[in-house]
Number of protein chains: 2
Amino acid sequence: MIKISELGEKTGLSPHTIRFYEKHGLIEASQRSEAGYRFYSEADVRRAEFVKAARSIGFSLDDIAQLLSIRLDKTSHSCQEVTDITRHKLDEVNERIAELQTMQRSLQLLLKSCSGGPENATHCSIMETLEAGSSPVTERGDES
Amino acid sequence: MIKISELGEKTGLSPHTIRFYEKHGLIEASQRSEAGYRFYSEADVRRAEFVKAARSIGFSLDDIAQLLSIRLDKTSHSCQEVTDITRHKLDEVNERIAELQTMQRSLQLLLKSCSGGPENATHCSIMETLEAGSSPVTERGDES
DNA sequence: CTTGACCTTAGAGTTAACTCTAAGCTTATA
DNA sequence: TATAAGCTTAGAGTTAACTCTAAGGTCAAG
């Protein structure tokens, strides 16, 4: 049985974060000392490591709560439930990447159009594009 | 001179958002009626459109505040200041894309490894990977 | 027995960009 | 003149995942 700071060292989570996860139902200490100190078993450590691994892949705490409930009783959950959660997360990630790539293209076009030199900004083409009220990417070309 | 809802229609911003931007110094009504109603001039509209354009490219409100102060006196700011802001934003976007692509690869690997079928999750390879406490991407291969 | 490191709790603060609410005033229309 | 639509303000709520604070209890070492 180890204390919260040791669990923190093993998992790379801070004691604060561990307590925060506990409040959200992700991690629990299987024992408490008389004084109320949390004590974690090997199984608790594995659960915490699971949470950490899922978190660092990008799953939300809600996703992880679902994965943990599957983990607790694998025989009554299907592989498909797990892939559904994973695929849903991948969809979110793909969508966000697409948004960011639109920004990326806009920003690259802005930079390409502008000298970036020390002359004053009176004729700065970035400013001009923004003044025109149009994004450099969505300006034109939305129709095939 | 137009009222806030009309400015909203012209720019695609809600009146709420326009007031919010005002509180943050981005937009101002050049006049108020006796009753305190905001009235916007053509120049105000152009400024609001500038904000909207910058926002939809992905600039933060802080970035936009900087761009607006350049816009107000272009002769005392250089092109380079504008490109610096833009490049900095592009760096952020690139960094975020890279993070998301790492998640994307992890999630794709998880999905590839798993049947996703209706059988129970006892031997689900996604669960196994997470149990192992390692991300499928950073597992190995960080050293050339 | 004191010092210092560590633990406890409840609850507040952080970040960004909105978004909404409440309570009341104004204005245009029927 | 009544009604509805729209405007005002200050301020609270939303989201996610922490992160920190305050005030105090515990424990091992010297």
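In this text the structure is predicted, and so the values were computed from the model without any measurement. Residue numbering restarts at 1 for every chain, and letters A, B, ... go by the order of the sequence lines.
For the 3.5 Å distance criterion, the side chains of A:Asp44 and A:Ser30 qualify, holding a donor opposite an acceptor. Defined by atom type and a distance below 3.5 Å, a donor-acceptor pair is missing between the side-chain atoms of A:Ser5 and A:Glu9.
Of the side-chain N and O atoms in B:Ser14, none sit less than 4.0 angstrom from OP1 or OP2 of C:dC18. Of the side-chain N and O atoms in B:Ser5, one or more sit less than 4.0 angstrom from OP1 or OP2 of D:dC7. OP1 or OP2 of D:dT9 sits under 4.0 Å from a side-chain N or O of B:Arg32. Distances shown here put every side-chain N or O of A:Arg38 at or beyond 4.0 Å from the OP1 or OP2 atom of C:dC7.
We find that CZ of B:Arg19 is positioned 14 Å from P of C:dT21, with the value rounded to whole Å. One atom, CG of A:Asp62, and another, P of D:dC18, lie 12 Å apart when rounded to the nearest Å. Between A:Ile64 atom CD1 and D:dA16 atom C1' there is a gap of 12 Å when expressed in whole angstrom units. A straight line from NE2 of A:His24 to C1' of D:dT19 spans 12 Å, rounded to a whole angstrom. Note: CZ (B:Arg96) to P (C:dA16) measures 14 Å, nearest angstrom. Between B:Leu13 atom CG and C:dC18 atom P the separation is 8 Å, expressed in whole Å. Atom-to-atom, NZ of A:Lys89 to P of D:dA16 comes out at 10 Å; the value is rounded to the nearest Å.
Nucleic acid contact for B:Tyr21: sugar-phosphate only, since backbone atoms but no base atoms lie under 4.0 Å from a heavy atom of the residue.
Each of A:Glu34 and A:His16 was matched to the nucleotide of DNA chain D holding its nearest heavy atom; the match closer to the 5' end belongs to A:His16.
Nearest to the side chain of A:Lys3, among D:dC18, C:dC7, C:dT19, sits C:dC7. Of the listed nucleotides (C:dC18, C:dA17, C:dC25), C:dC25 has the atom at the smallest distance from the side chain of B:Tyr37.
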